[in-house]
Amino acid sequence: MTLKQALAQTRKILVSDNIEDASLESELLLRHTLQIDRVQLYLDLGRELSLKQEQTLWRLVARRRRGEPTAYITGHREFYGLDFHVDSTVLIPRPESELLVEKTLDIAHRQPVTTIAEIGTGCGAIAVSLARHLPEARIYATDISPSAIKTARRNCLKHGVADNIQLLAGDMLDPLPALVDLIIANLPYVEASEIPRTGPGSFEPALALNGGLAGLEKVLRLCRQVSTRFSPRGCLLLEVGQGQATVVTTYLRGLFPSAAIAITPDLMGIERVVSLCLTPDYLDARLVHGIRS
Ligand code: GLN
């Protein structure tokens, strides 16, 4: 069987299982089997797979068909143009979380940002992406899960930002050693009753998804805690789930009556990022799009 045939066959199987992105996923599984990059795959399409390679590929396809996410099978996921190690102890980075990085960079380009804290860093995708774009910033990345911190450390080393990011195991803001200019978080915000029991989501750590009763227990707890950790020009950026942005902004308005607060929709039009700045000038007109206060 040639690589081209293997690719087509894998794709057909994944399509028949109603797996979205079947083309991309079959490519990733075949590339992982052969340990080759995308360019090599397309150069070698006419090459024959060995019997052993075929067996490996069908084993990976069988795992995918049982619901395991491709990112866990291959151990990799792309985020903000970088490749990250992932394993089943961390949430797989989502494309919509790139918005959190973009909004943080927006603010960082409008005001001096020397210190940043990312709370619940998981595999470290957000902190590492920020470190690559803000080489002068000191970044603290916390996570309650020691195994997530281990995976984040691998990613810091992989991307050459181990000196920019201090990884800290602990709950929320507890391990922070200093005040910070920006606090960023993609905390668990899925309602406890909505945690997937089948499919890719069921393979992810519940600890990274479960936001309690209405999904917002952790997010609102962080909102209550941030004021003690802000520098005078502090900003908070939160990723939230569909339909949660209004609740979060109202809650923040009660805690910070004179701050600027904004909601930014993601590419699907879902209100995804809530931003708050103590000093209103730092939320520019574009960011204030959709402001609720
Ligand atoms: N966006 C993720 C999902 O819907 C949830 C991520 C989170 O809880 N922070 O599966």
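Basis for what follows: all heavy atoms, side chains included, without hydrogens, waters or symmetry-related copies. Atoms within a ligand are numbered from 1 in the order they appear, just like the ligands themselves.
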Closer than 4.0 angstrom, basic N to acidic O: yes or no for Glu204 and Arg94?
yes

Show the nearest heavy-atom pair for residues Leu222 and Leu238, with the distance to one decimal.
CD2-CD2, 3.8 Å

Nearest heavy-atom neighbours spanning Met172 and Thr142
O-OG1, 3.2 Å

When you measure from atom 3 (C) of ligand 1 to every protein heavy atom, which one gives the shortest distance, and what is it?
Arg94 NH2, 3.5 Å

Out of the candidates Asn186, Val219, Asp266, only one should pair with Glu239 under the side-chain contact (heavy atoms from CB on, under 4.5 Å) rule; please name it.
Asn186

Hey, is Glu96 one of the residues with a heavy atom under 4.0 angstrom from ligand 1?
yes

Within-cut-off N or O pair, Leu91 and ligand 1, under 3.5 Å:
no

CG (Asp87) and CZ (Arg77) are apart, to the nearest 0.5 Å, by 14.5 Å

Heavy-atom side-chain contact between Pro265 and Glu96 under 4.5 Å
no

Is Asn186 close to ligand 1, meaning an N/O of one under 3.5 Å from an N/O of the other?
yes

Got the closest protein heavy atom to atom 1 (N) of ligand 1, with its distance?
Tyr189 OH, 3.0 Å

So the atoms of ligand 1 within less than 4.0 Å of a heavy atom of Leu187 turn out to be 7 (C), 8 (O), 9 (N)

Gly201 near ligand 1, heavy-atom distance under 4.0 Å?
no

Less than 4.0 Å between atom 10 (O) of ligand 1 and some protein heavy atom, yes or no?
yes

